[in-house]
Amino acid sequence: MKTEPCRALLLVLLTALAGCAKRHAPETVTPSPIPVVKEWNMKDRIEKTEAEWQQQLTPEQFQVLRKHGTERAFTGRLWDNKEQGTYVCAGCGLALFESGTKYDSGTGWPSFWQPLKEEHVGTTVDRKFFMTRTEVHCARCGGHLGHVFEDGPKPTGLRYCINSAALEFEKE
Ligand code: FE
């Protein structure tokens, strides 16, 4: 009679463990659906109407890139991505960051201490929400990426805090 509850408990434990294993299985990040632009002459800036962007992007990408939105921390698909490769703009494919400069900032957003090329990202002062922050955007299409802070690691001391939704990942 006593073995039955034990067996039931064991079954519950095994089911829970199987569930955990499933949740923590490494997620594969799908390749960038837009062509990656590695070199950019700073002339072919992308200009599209709001309607065109809305048609091209997912609602989440549109909210972040075109409406300066911010995804909830730890919800994006790239904050914990540890694969080697290039992070590109989800709006226009411009190569923005490399996996070699990505680090775990503990914030739940993909964080980098340096852009791939200085001229690929632009910055503006953002005074929303009673704070003064430096907003980061794609220099080619103007899409909002996130913010840059001065509490990053060496050698730059910068923390580019970027929304997963603003990025696509191209595996090496
Ligand atoms: Fe872009």
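The residues of the chain are indexed from 1 along the displayed sequence. Atom set for the values below is all heavy atoms of this structure, side chains included, hydrogens, waters and symmetry mates excluded.
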**Message:** Would you say Leu78 ends up clustered with Tyr160 if hydrophobic residues are merged whenever their side chains have heavy atoms under 4.5 Å apart, either directly or through other cluster members?
**Reply:** yes

**Message:** So if I apply the side-chain contact (heavy atoms from CB on, under 4.5 Å) rule between His147 and each of Asp126, Asn163, Thr134, which one comes out positive?
**Reply:** Asp126

**Request:** List the steps and the verdict of side-chain contact (heavy atoms from CB on, under 4.5 Å) for Leu94 and Val37.
**Result:** CA-CA 4 Å; Leu94 185 64; Val37 179; 4.0 Å; yes

**Message:** Give me the atom names and distance for the closest heavy-atom approach of Leu65 to Gly91.
**Reply:** CD1-N, 3.7 Å

**Asked** Looking at Ile34 and Ser32, what are the two nearest heavy atoms and their distance?
**Response** O-OG, 2.8 Å

**Prompt:** With the 4.5 Å side-chain cut-off for hydrophobic clustering, are Val121 and Val148 part of the same group?
**Reply:** yes

**Asked** Under the 4.5 Å side-chain heavy-atom rule for ILVMFWY, direct or indirect, which residues accompany Val36?
**Response** Val88

**Request:** Supply the atom-to-atom distance Leu145 CG to His68 NE2, rounded to the nearest 0.5 angstrom.
**Result:** 9.5 Å

**Request:** With rounding to the nearest 0.5 Å, note down the distance linking CD1 in Ile46 to CH2 in Trp40.
**Result:** 9.5 Å

**Request:** Determine, for Glu168 against Arg77, whether the closest basic-nitrogen to carboxylate-oxygen distance falls under 4.0 angstrom.
**Result:** yes

**Asked** Between atom CH2 of Trp53 and atom CZ of Phe62, what is the distance when rounded to the nearest 0.5 Å?
**Response** 10.0 Å

**Message:** When you measure from the side chain of Ser111 to the backbone of Tyr103, do you find a donor-acceptor pair of N or O atoms at a distance under 3.5 Å?
**Reply:** no

**Request:** Apply salt bridge (charged side-chain N to carboxylate O under 4.0 Å, His left out) to Arg66 and list each qualifying residue two or more places apart in sequence or on a separate chain.
**Result:** none

**Over all atoms of both residues, closest heavy-atom pair of Cys161 and Phe149** = CB-CE1, 3.9 Å

**Asked** Does the pair Lys102/Glu83 count as a salt bridge with the N-to-O cut at 4.0 Å?
**Response** no

**Message:** If the test is side chain to side chain donor-acceptor pair (under 3.5 Å), which one of His137, Lys67, Glu135 qualifies with His144?
**Reply:** Glu135

**Request:** Please report the shortest heavy-atom distance between Trp79 and Ser164, naming the atom on each side.
**Result:** N-OG, 3.5 Å

**Interatomic distance, Met42 atom CE to Glu119 atom CD [nearest 0.5 angstrom]** = 6.0 Å

**Request:** Please name the pair of heavy atoms, one in Arg140 and one in Cys92, separated by the smallest distance, quoted to 0.1 Å.
**Result:** NH1-O, 2.9 Å

**Prompt:** Just wondering, do Pro31 and Glu170 contact through their side chains at under 4.5 Å, heavy atoms?
**Reply:** yes

**Prompt:** Are Phe169 and Leu96 grouped together when hydrophobic residues (ILVMFWY) are joined by side-chain heavy atoms under 4.5 angstrom apart?
**Reply:** yes

**Item:** Qualifying residues under ring pair (Phe, Tyr, Trp, His ring centres under 6.0 Å), relative to Phe112, sequence neighbours excluded
**Value:** Tyr87, Phe97

**Item:** Evaluation steps, side-chain contact (heavy atoms from CB on, under 4.5 Å), between Lys82 and Asp104
**Value:** CA-CA 10 Å; Lys82 293 181 176 72; Asp104 183 9; over 6 Å; no

**Asked** Backbone N or O of Glu71 within a donor-acceptor pair of the Trp109 side chain at under 3.5 Å?
**Response** yes

**Request:** Can you see which heavy atom on Ala95 is nearest to which on His120, and at what distance?
**Result:** O-ND1, 2.8 Å

**Glu150 vs Leu158, side-chain contact (heavy atoms from CB on, under 4.5 Å): CA-CA, chis, key distance, verdict** = CA-CA 5 Å; Glu150 293 182 350; Leu158 296 174; 4.0 Å; yes

